[in-house]
Engineer: 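Structure incoming, see below.
Chain identifiers are assigned alphabetically (A, B, ...) following the order of the sequence lines, protein sequences preceding nucleic acid strands; residue numbering begins at 1 within each chain. The structure presented is a predicted model; accordingly, all values stated were derived computationally and were not measured.
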Amino acid sequence: MLDPKLIKENPQIIREMLKSRNIEFDLDGLIESDKQRREFILKTDELRKKKNQVALEISQKKKEGQDATKIFEEMKEISKKLSGLESFQVEVEKKYMHLALTIPNLVHQSVPVGKDDSANKEIKMYGKIPEFNFKVNDHIEISEKLNLVDLERAAKVAGARFYFLKNDLVRLNQALIHYALEFLAQKNYSLVQPPYMINHSSMEGAIITDDFEQVIYKIEGEDLYMIGTSEHAMAAMHSGEIIEGKDLPLRYAGISPCFRREAGAHGRDQKGIFRVHQFDKIEQFVFTRPEDSWKEHERMLAIAEEFYQNLEIPYKVMLLSSGDLGKISAKTYDIEAWMAGQNAFREIVSCSNCLDFQSRRLKIRYREKTNEETKYLYTLNSTLIATSRVLVSIMENFQNKDGHFSIPSVLQKYMGQNTI
RNA sequence: GCGGGGAUCGCCUAGCCUGGUAGGGCGUAGGAUUGCUAAUCCUAUGUCCGCAAGGACACGGGGGUUCAAAUCCCCCUCCCCGCGCCA
């Protein structure tokens, strides 16, 4: 959600944002309903004022033992008028909230303007792309041959884009998780294992309405939604709270499975475990003061980079363009890891500063001193690992001529072996 | 699932029975007093509308009764205690 003051005082900034994001949005409708909303507040406030005055009068008369029945009529009329006005106000407020909750976030000035991912900017490339003197296999071929993944039976049991992870790949998945958690714990992150289902108001605070359709699974007959990432639960964790400045920044390392509908992804990455409905993820989530947020954003990216350097996986850092940017994010870096089987860099980390967009929806504020005005804090999130994609990258980049693959050295101690 | 108790401003709490302007404490900030500190006293300290003056809202959420609801009635959520069931 954007600052309502911006809608009223500086809609030009919002118009520019929509243009740079290449998004159609009924901004005039939002401005108009915001105006109407204010008018109704003025009107109902006026009437309530009168009501309070009359109520006071009655109470005084009663105290003095006088007859007040005559004023009751006046009061009745005011109440009737008020409840009529209030029902209109509810309608106007509904329309306003719908639009206010649908509009995307502002775009930071450092974000390259462009209509889609072709305008993304490469910031950095790290590592040497591995070369092979044999025919390179993709992760599907490797995992099938070594009996590490069963896609057919997963399709039978659950459907497309599911998988049974098997044997040493289960252990490698756990090793990754283990290492990633220790890595973030050492960086002073608090470890968090959140609820895997959250209610509607929490989810609405963390995501934009479209995502309910596109990514989120709903539990039938309950006010519960499967999280698409621990970010959703962690964002809502402090909803309605006022955080003390001395406790900032709050840095959390969330671990959870992630559930995604992948609606609209038909045909893309159809096979294997690269794009699936369920995977494990370790996520960085940070609440900061606005003025610290950009420094924190870079820090989170640096932490993710360090992690892939330790894994010895070559990667590129991309700065997403305005047209490719997620709607809740003001600036996003992606890390794309090399996947030898696809002969390409593919997205593995997404690191975003969401400004006060989520905290406004969730009413998460802070203040330095208890008598100070409260301010909305900023939220940032970044993947550390989405395990299924890291597994793909490891299998493909570390593959050997004999069809087996090596385990990155930092993970070997968790596995007790150096190849699979 | 059953029975009982609860949810009031950042935190703690009064008010609920008996409906009539939501009060106090802590914390924090400013001021007064004091040689300094402590203590004491005064003021400020939620959200929204408004340029302001000012006003409205806010007692877990929703409905109802009433001229009027924190207060009475109904439904829901969550927390605590006990019982039951359970990995």
Engineer: Tell me: CD1 of A:I242 to P of B:rU28, nearest whole Å?
Structural biologist: 17 Å
Engineer: Do A:F162 and A:F164 have their ring centres less than 6.0 Å from each other?
Structural biologist: no
Engineer: When the C1' atoms of B:rG24 and B:rC9 are compared, how many Å lie between them, rounded to an integer?
Structural biologist: 12 Å
Engineer: Do A:E91 side-chain atoms and A:F88 backbone N/O form a donor-acceptor pair below 3.5 Å?
Structural biologist: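 Absent.
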Engineer: In whole Å, what is the span from the CE atom of A:M1 to the C1' atom of B:rC48?
Structural biologist: 13 Å
Engineer: Using a cut-off of 4.0 Å on non-hydrogen atoms, how would the nucleic acid contact of A:I58 be classed: base, sugar-phosphate, or nothing?
Structural biologist: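 Contact class for A:I58: base.
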Engineer: Please confirm whether the shortest side-chain N or O distance from A:R37 to OP1 or OP2 of B:rC48 is below 4.0 Å.
Structural biologist: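 So the side chain of A:R37 is outside the cut-off, no N or O lying under 4.0 Å from OP1 or OP2 of B:rC48.
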Engineer: Could you check whether A:Y252 and A:H238 have their ring centres less than 6.0 Å apart?
Structural biologist: yes
Engineer: Quick check on A:M415: does its CE atom have over 12 non-hydrogen neighbours (other residues, nucleotides or ligands) under 6.0 Å away?
Structural biologist: yes
Engineer: Taking the ring centre of each residue, are A:F287 and A:Y366 less than 6.0 Å apart?
Structural biologist: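 Here the rings of A:Y366 and A:F287 have centres that are no less than 6.0 Å from each other.
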Engineer: When rounded to the nearest Å, what value does the distance between P atoms of B:rU40 and B:rG82 take?
Structural biologist: 41 Å
Engineer: Taking the P atom of each, how far is B:rC73 from B:rG6, in whole Å?
Structural biologist: 13 Å
Engineer: Select base, sugar-phosphate, or nothing to describe what A:T44 touches, counting heavy atoms under 4.0 Å on all strands.
Structural biologist: nothing
Engineer: Between B:rU77 and B:rU28, how far apart are the P atoms? Round to whole Å, please.
Structural biologist: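 Roughly 40 Å separates the two P atoms.
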Engineer: Using the side-chain heavy atoms of A:K76, tell me which of these nucleotides is nearest: B:rC48, B:rG10, B:rC67.
Structural biologist: B:rC67
Engineer: In this structure, how many angstroms lie between the P atom of B:rG10 and the CD atom of A:E372, rounded?
Structural biologist: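 The answer, rounded to whole Å, is 15 Å.
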Engineer: Looking across every strand, which nucleic acid part, if any, lies under 4.0 Å from A:K43 by heavy atom: base, sugar-phosphate, or nothing?
Structural biologist: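 A:K43: no heavy atom of the nucleic acid under 4.0 Å.
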Engineer: Should A:N52 be listed as having a side-chain N or O under 4.0 Å from OP1 or OP2 of B:rA56?
Structural biologist: yes
Engineer: Tell me what A:D223 touches on the nucleic acid: a base, only sugar-phosphate, or nothing, going by heavy atoms under 4.0 Å.
Structural biologist: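 The answer is nothing, as A:D223 stays clear of every strand by at least 4.0 Å.
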Engineer: Could you tell me how far apart A:K49 (NZ) and B:rA53 (P) are, to the nearest whole angstrom?
Structural biologist: 14 Å
Engineer: What integer number of Å spans the C1' atoms of B:rU66 and B:rA7?
Structural biologist: 25 Å
Engineer: Specify the separation, in whole Å, of atom CG of A:N371 and atom C1' of B:rC42.
Structural biologist: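 Rounded to whole Å, this separation is 16 Å.
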Engineer: For the pair made of CD in A:E373 and C1' in B:rC48, what is the distance, rounded to whole Å?
Structural biologist: 13 Å
Engineer: Check this one for me: any side-chain N or O of A:K51 less than 4.0 Å away from OP1 or OP2 of B:rG20?
Structural biologist: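 For A:K51, the contact criterion (side-chain N or O under 4.0 Å from OP1 or OP2 of B:rG20) is not met.
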Engineer: Atom NZ of A:K50 and atom P of B:rG55: how far apart are they, to the nearest Å?
Structural biologist: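 Answer to the nearest Å: 16 Å.
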Engineer: Using a strict cut-off of less than 4.0 Å between a Lys/Arg side-chain nitrogen and an Asp/Glu carboxylate oxygen, indicate whether A:E244 and A:K369 qualify as a salt bridge.
Structural biologist: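 Salt bridge flag = no for A:K369 with A:E244.
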Engineer: Please report the distance separating the P of B:rC67 from the corresponding atom of B:rC11, rounded so that it comes out in whole Å.
Structural biologist: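 So the two P atoms sit 37 Å from each other.
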Engineer: Given the structure, check if the side chain of A:S59 and the base of B:rG20 hold any donor-acceptor pair shorter than 3.5 Å.
Structural biologist: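 Looking at the base of B:rG20, it does not pair with any donor or acceptor on the side chain of A:S59 (distance under 3.5 Å).
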Engineer: When the P atoms of B:rG60 and B:rG10 are compared, how many Å lie between them, rounded to an integer?
Structural biologist: 13 Å
Engineer: Give the rounded distance in Å between these two atoms: NZ of A:K35 and C1' of B:rC49.
Structural biologist: 16 Å
